[in-house]
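Below, each value reflects all heavy atoms present in this structure, side chains not excepted, and no hydrogens, waters or symmetry copies. Computed from a predicted model, the values in this text were never measured in an experiment.
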Amino acid sequence: MKNKNPILQQLYSYGVITAGCAIYALAFNWFFQPNKISMGGFTGIAQIVNRFLPMLPVGITVFVLNVPLFYLGARKLGIKFVFSSLYAVAVSSLILDAMAMAYTFRPMDSMLACIYGGVLLGASSGLLLTVGATTGGTELAARLLKYKFRGLSIGRLCLTLDVTVIILYAMTFHNINYTLYGIVSMYISSLAIDAVVYGSINAKMAYIISSSGEEMTKRLLELDLGITILKGRGGFSGNEKQVVLCAFKRSQIAAIKSAVTDVDPKAFVIVCEAHEVLGEGFGEYSPDSL
């Protein structure tokens, strides 16, 4: 949300956090807990604790386990991040336990549970991360590890940590099916996290090789695209060619293909996925970025 009013920014952020917490609690109570599928992270550890100590609710246990990690987070990420995350942990814990007391969801097909549970879990975690918060546990640990492992996406880091907890979960409940379903669910969750966190800055990139490079550049500039001209030479013919390089948003691909065909129907076009594009018209880089 791009609003200069700090009060509205805060209201928006905490509204997103509250919505993310509600989705998180729904995913746990509807898909994971009734089907005995581990969510990984501190929630998975809380499930293990609850197995041996049923008098300890999962939500409260998650909150207690997060306290040491929030201390480390405060030193690295600052008080603002930790405060919003503490709010997320408290709200998600309250909603999680309140929902469990208000209604008991029935078990369902385990594969459906791990698929839809993974989507909801990843969506909730991604929403929180986009406004600078986490529900603690795996997400906060992954956020801290991101400083050390810049090349890994936040979803991949979460997946690694979650799978470790899921293996412990399986050892506790003595059922390999819990492990397999849990790993599938956490993999889907990692994809959902990356889709929410990085989806807005994903783009495509095109290499356009044509003998009509100047006219091609003019047409693409009319589409308000940033263009870079590279020099090229045909490997077979040896003729000089221009390679037009441009990054663009997904919605622009049809217009670009049409413009290229109009200028040079024989142009050679390579369209690639660009995982992250930074610069004017796209995202901005900062040392704290995900």
Inset, instruction - Rounded to the nearest 0.5 Å, what's the gap from CG on Leu144 to CG on Leu157? Could you check? - result: 10.5 Å
Legend entry - Same apolar cluster (I L V M F W Y, side chains within < 4.5 Å links), Ile115/Leu180: no
Legend entry - Heavy-atom side-chain proximity of Thr172 to Phe52 below 4.5 angstrom: yes
Legend entry - Check: Ser125 side chain, Leu121 main-chain N or O, donor-acceptor pair, under 3.5 Å: yes
Legend entry - ILVMFWY cluster membership beyond Leu230 - transitive side-chain contacts under 4.5 angstrom: Met205, Tyr207, Ile209, Val243, Leu245, Phe268, Ile270
Inset, instruction - Please answer whether the main-chain N or O of Pro57 pairs with a side-chain N or O of Asp97 as donor and acceptor at a distance below 3.5 Å. - result: no
Legend entry - Validation row: Ser189, Ile193 side chains within 4.5 angstrom (heavy atoms): yes
Inset, instruction - May I have the step-by-step check of side chain to side chain contact (heavy atoms under 4.5 Å, CB included) for Arg219 and Met216, ending in yes or no? - result: CA-CA 5 Å; Arg219 284 293 302 274; Met216 188 75 68; 5.8 Å; no
Legend entry - From Phe105 atom CZ to Trp30 atom CH2, the distance as rounded to the nearest 0.5 Å: 6.5 Å
Legend entry - Ile95 side chain near Phe28 side chain, heavy-atom distance below 4.5 Å: no
Inset, instruction - Determine whether Ile60 and Val67 fall in the same hydrophobic cluster, where Ile, Leu, Val, Met, Phe, Trp and Tyr are linked whenever their side-chain heavy atoms lie under 4.5 Å apart. - result: no
Inset, instruction - For Thr164 and Thr160, work out which heavy atoms get closest and say how close. - result: OG1-O, 3.1 Å
Inset, instruction - Assess whether atom CG of Asp109 is packed by more than 12 heavy atoms of other residues, nucleotides or ligands within 6.0 Å. - result: yes
Inset, instruction - Compare all side-chain heavy atoms of Ser124 with those of Leu128 and state whether any distance is below 4.5 angstrom. - result: no
Inset, instruction - Keeping the roles fixed (side chain from Thr261, backbone from Lys257), state whether a donor-acceptor pair exists under 3.5 Å. - result: yes
Show me, pair by pair, the donor-acceptor contacts under 3.5 angstrom made by side chains of residues 78-92, not counting sequence neighbours?
{"residue": "Ser84", "atom": "OG", "partner": "Lys80", "partner atom": "O", "Å": "3.3"}
{"residue": "Ser84", "atom": "OG", "partner": "Phe81", "partner atom": "O", "Å": "2.8"}
{"residue": "Ser84", "atom": "OG", "partner": "Gly132", "partner atom": "O", "Å": "2.8"}
{"residue": "Ser85", "atom": "OG", "partner": "Phe81", "partner atom": "O", "Å": "3.0"}
{"residue": "Ser85", "atom": "OG", "partner": "Thr134", "partner atom": "N", "Å": "3.0"}
{"residue": "Tyr87", "atom": "OH", "partner": "Thr18", "partner atom": "OG1", "Å": "2.9"}
{"residue": "Ser92", "atom": "OG", "partner": "Ala88", "partner atom": "O", "Å": "2.8"}
{"residue": "Ser92", "atom": "OG", "partner": "Val89", "partner atom": "O", "Å": "3.0"}

Legend entry - Donor-acceptor pair, side chain of Ser190 and main chain of Tyr187, under 3.5 angstrom: yes
Inset, instruction - With the side chain counted from C-beta on, respond yes when Leu8 and Tyr12 share a heavy-atom pair under 4.5 Å apart, and no when they do not. - result: no
Inset, instruction - Heavy atoms only: give me the nearest Cys114-Val184 pair and the separation to one decimal. - result: SG-CG1, 3.8 Å
Legend entry - Pair Asp264-Ser210, side-chain donor/acceptor within less than 3.5 Å: yes
Inset, instruction - Mind checking the CG-CD1 spacing from Leu225 to Ile256? Nearest 0.5 Å is all I need. - result: 4.5 Å
Inset, instruction - Examine distances only and state if a side-chain atom of Asn50 and a backbone atom of Leu56 form a donor-acceptor pair shorter than 3.5 Å. - result: yes
Legend entry - Shortest non-hydrogen contact from Ala123 toward Val196: CA-CG2, 4.1 Å
Legend entry - Working for side chain to side chain contact (heavy atoms under 4.5 Å, CB included), residues Phe32 and Ser185: CA-CA 9 Å; Phe32 289 91; Ser185 188; 3.2 Å; yes
Legend entry - Path from Met171 to Tyr181 over hydrophobic side-chain contacts below 4.5 Å: yes
Inset, instruction - Start with the C-alpha gap between Gln242 and Lys231, add the side-chain angles, then the distance that decides, and say whether side chain to side chain contact (heavy atoms under 4.5 Å, CB included) holds. - result: CA-CA 5 Å; Gln242 284 190 333; Lys231 291 184 178 181; over 6 Å; no
Inset, instruction - Taking the side chain as every heavy atom from C-beta outward, state whether Leu161 and Leu145 have any atom pair closer than 4.5 Å. - result: yes
Legend entry - Nearest-0.5 Å distance that lies between atom CD1 in Ile227 and atom CG in Leu220: 4.5 Å
Legend entry - Nearest heavy atoms of Ala133 and Ile17, plus distance in Å: CB-CD1, 3.8 Å
Inset, instruction - Flag yes if Tyr24 and Tyr103 sit in one hydrophobic cluster, no otherwise; membership is Ile, Leu, Val, Met, Phe, Trp, Tyr, and two members link when side-chain heavy atoms are under 4.5 Å apart. - result: yes
Inset, instruction - Check whether any side-chain N or O of Asn35 sits under 3.5 Å from a backbone N or O of Met108 as a donor-acceptor pair, and report yes or no. - result: yes
Inset, instruction - State, to 0.1 Å, how close Ile37 and Ser110 come at their nearest heavy-atom pair, and which atoms those are. - result: CD1-O, 3.8 Å
Inset, instruction - Is it possible for you to say whether Ile48 and Val163 belong to one hydrophobic cluster, with membership spreading through side-chain heavy-atom contacts below 4.5 Å? - result: yes
Inset, instruction - State whether the side chain of Gln10 and the backbone N or O of Ile7 hold a donor-acceptor pair below 3.5 Å, judged by distance alone. - result: no
Legend entry - Minimal non-hydrogen separation, Ala142 against Cys158, with atom names: CB-SG, 3.7 Å
Legend entry - Whether over 12 other heavy atoms sit under 6.0 Å from Tyr14 OH: yes
